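Fair warning: this is a prediction, and the values are worked out from it, not measured in the lab.
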Number of protein chains: 2
Amino acid sequence: MPLDAKTLCLGALEAGFDTGYDIRKAFEDGPFQHFQSLSYGSIYPALNALLVEGLATCDVRNGDGRRDKKIYAITDSGRAALKAALMEPLAADQLRSDTMFAMAFVHLMTRDQVKRILDEYARANRRLGEELGRLLRDRMCEHPGHQFLLRLGEDGSEMWARCIEALRDDLVAALDDTREAPEAAPTGGAAAMTARDAPETREPGSGSRPGPDPHHPRDPR
Amino acid sequence: MPLDAKTLCLGALEAGFDTGYDIRKAFEDGPFQHFQSLSYGSIYPALNALLVEGLATCDVRNGDGRRDKKIYAITDSGRAALKAALMEPLAADQLRSDTMFAMAFVHLMTRDQVKRILDEYARANRRLGEELGRLLRDRMCEHPGHQFLLRLGEDGSEMWARCIEALRDDLVAALDDTREAPEAAPTGGAAAMTARDAPETREPGSGSRPGPDPHHPRDPR
DNA sequence: CTAACCATGTAAGTAGTTACATGATTCT
DNA sequence: AGAATCATGTAACTACTTACATGGTTAG
C-alpha cells in the first residue's frame, strides 16, 4: 500500500518543514517534488489528524496583522510511527507518462510533431534535473538522506533526457523510412543498433551512448 | 490534463488489444505496464462509452460454452479522437516513489535496512527492464512506436538500477561515518538517539564525504 | 483436484484534487 | 496598481481501485 497523506506529512515534518504552507512547497518545489505529490486539500486535514493522534504538536505564532501561523513539530511517537511505516514493505514505484504512451502512436502523427514532443520532453527532464541539482547545492544539504534523494533525482532526470535524445533520432529516421519507403528499407540498422547495444553489452568504455554516466562535474570542491 | 480511461482504451485498441481482458493485460504485463495503469473497473465502462460515442465497435463472439467474448475495434472517428487527444498538450510525467521518499529518512533506519531496501529496489528495476526487453524481442515488434516505448522502458529501468547501485555505497558509507563518529555522545536513548542527532548537528570539520571520487567507480570493468 | 487463466461486469469505497473563501504583505 | 507570496482551511467533485459476482477451461 502506498504511503498515505498522514505519513507523507509526518515525513515532511521530520525533514524540517513546519507549516502546512511549507509542506506543500516541499512537495511542489522542494526535495520531494520528483517523487511524491500532495496538495493543500490533503495536507491540512492530515496535519489535524496527526495532532489528534499525538503524532505532532502545534504552536500557534501570532503573526501581527497577518494570518496566524501554525508551527507543527513531530513528536517522539510521530517519529516512531514514521519509522514503523518505513519498516513495512514499500509500494512499488508508480509512473504515469502520457508522453511515453503517446509514443506508441507515432504512426498517427507527423514527423515534426514527434520531434517536437520528444525535444520538449527531454528539455523538461533536463530542467528538472538542473533544479534538483540547484536544490542540492544551494541550500547545502547536510543530510545524507536528502543528498541521496536529490542526487538520484538529478542524475535520473539527466539520464532519462539523454535516453530520449539518443533514441529520438532513430525513431524519427525509422518513421521517415516506413513512410517514404514502405517496403524496401532494411533500416533500423546501424544507428539504431549502436544505441541499442549500450545498455546491455558491458562495453568497456567506447560507447558514448546514453549509458549511465552521471559524471557531471559535481563540485569536487 | 492527464489522458483519461477512454483515451487510454482507445490507444489500446489502436495497438491491437481487442477485448477488455486483453486491454487490462496490456497495462498489467504488456507494453504499457511501465507507463500507465488501468484496471477492469475503468476499462469496461470506458469501452461501453466508446461504443455509445461511435469511437469503437463491438463484435460478440460466441465462445461455445465459455463466456461470450466481445471483440472491440477502433473506428475512424475513434482514431481521429485519439489523434486529437495526442495533439493537445500532454500532461507532465508523474512519478510516485515511496522508496525514494523513504530514503530521506535513512537516519531512522539501520544501515542494513537501508542496504536491503536499496538492493531490492535496484533488483526490481532490473527485472522490469529485462521483462520489457523480453517483450521487445519475443514478439518482435514491427511497430516503430512500440519499439521506442519498450526500448526506453528497458534502458531507463536498467540505468535507474545502475544509478541506485552507484550511489548506494556512498550513502551507506556516509551513514557509517555520521553514526560511528558522533562526538562523544552520552547516549541516553541508545541507537535511536545517535541516529536522531545526525541531521541537526552541523558537523564541523571532517565532512562525512571525502572529496575524492564522490561516486560511482563507474563500472571500472 | 486445485490453481491459474480466460472473460465480463458492477457497486461501493477511497483518496485524493480543484476551486473557492479570506486577507495581509512584499515585490515589480 | 497589480501580481506574487505567505497562510489556513473546507466543500464539492472526480476518477479511479477493490472486491465481489459468475462461471467455463486448461495446466500441474
From the options [options], select the nucleotide whose nearest atom is closest to the side chain of [X].
{"X": "Tyr44(A)", "options": "dC16(D), dA7(D), dT8(C)", "value": "dA7(D)"}
{"X": "Arg66(B)", "options": "dT10(C), dT26(D), dT8(D)", "value": "dT26(D)"}
{"X": "Lys70(A)", "options": "dT8(D), dC16(D), dG9(D)", "value": "dG9(D)"}
{"X": "Lys69(B)", "options": "dT8(C), dT8(D), dT26(D)", "value": "dT8(C)"}
{"X": "Ser42(B)", "options": "dG9(C), dT17(D), dT26(D)", "value": "dT17(D)"}

Base, sugar-phosphate or nothing for [X]? Non-hydrogen atoms, less than 4.0 Å.
{"X": "Asp22(B)", "result": "nothing"}
{"X": "Gly41(A)", "result": "base"}
{"X": "Tyr72(A)", "result": "sugar-phosphate"}

So which protein N/O to nucleotides 20-22 of chain D N/O distances come out below 3.5 Å?
| from | atom 1 | to | atom 2 | distance (Å) |
| --- | --- | --- | --- | --- |
| dT22(D) | O2 | Arg67(B) | NH2 | 3.2 |

Report the end-to-end axis angle of the helix from dC1(C)-dG28(D) to dT28(C)-dA1(D); each axis comes from five terminal pairs, and the value is rounded to 10°.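 End axes: 50° apart.
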Between [atom2] on [N] and [atom1] on [X], what's the gap in Å once rounded to a whole number?
{"X": "Asp68(A)", "N": "dT25(C)", "atom1": "CG", "atom2": "P", "answer": "13 Å"}
{"X": "Arg96(A)", "N": "dA15(D)", "atom1": "CZ", "atom2": "P", "answer": "11 Å"}
{"X": "Asp29(A)", "N": "dA4(D)", "atom1": "CG", "atom2": "P", "answer": "15 Å"}
{"X": "Asn62(B)", "N": "dT8(C)", "atom1": "CG", "atom2": "P", "answer": "13 Å"}
{"X": "Arg24(B)", "N": "dT8(C)", "atom1": "CZ", "atom2": "C1'", "answer": "12 Å"}
{"X": "Met1(A)", "N": "dA19(D)", "atom1": "CE", "atom2": "C1'", "answer": "13 Å"}
{"X": "Phe27(A)", "N": "dT17(C)", "atom1": "CZ", "atom2": "P", "answer": "10 Å"}
{"X": "Ile71(B)", "N": "dT8(C)", "atom1": "CD1", "atom2": "P", "answer": "8 Å"}

Please tell me which of Lys25(B) and Ala5(A) maps to the more 5' nucleotide of DNA chain C, matching each residue to the nucleotide holding its nearest heavy atom.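 Counting from the 5' end, the first nearest nucleotide belongs to Lys25(B).
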For [X] and [Y], indicate whether the former's side chain and the latter's backbone hold a donor-acceptor pair under 3.5 Å.
{"X": "Asp98(A)", "Y": "Leu3(B)", "answer": "yes"}
{"X": "Gln36(B)", "Y": "Phe101(A)", "answer": "no"}
{"X": "Ser157(B)", "Y": "Gly153(B)", "answer": "yes"}
{"X": "Thr75(A)", "Y": "Leu55(A)", "answer": "yes"}
{"X": "Thr57(B)", "Y": "Tyr72(B)", "answer": "no"}
{"X": "Gln33(A)", "Y": "Gly30(A)", "answer": "yes"}

When you measure from the side-chain N and O atoms of Tyr21(A) to the phosphate of dC6(D), is any distance below 4.0 Å, counting only OP1 and OP2?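 Looking at the OP1 and OP2 atoms of dC6(D), one of them is under 4.0 Å from a side-chain N or O of Tyr21(A).
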For dT17(D) and Ser39(B) - does any side-chain N or O of the residue sit under 4.0 Å from the phosphate oxygens OP1/OP2?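 Yes, because at least one side-chain N or O of Ser39(B) sits under 4.0 Å from OP1 or OP2 of dT17(D).
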Please report the closest heavy-atom contact between Ala12(B) and Phe32(B), naming both atoms and the distance.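 That would be CA-CE1, 4.0 Å.
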Side chains of His107(A) and Glu14(B): donor-acceptor distance under 3.5 Å anywhere?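 Present: a donor and an acceptor within the cut-off.
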Would you find more than 12 non-hydrogen atoms of other residues, nucleotides or ligands less than 6.0 Å from Asp76(B) atom CG?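 Atom CG in Asp76(B) is not packed in, count stays at 12 or less.
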Is it true that atom CD of Glu53(A) has more than 12 heavy atoms of other residues, nucleotides or ligands lying nearer than 6.0 Å?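 Result for CD/Glu53(A): enclosed.
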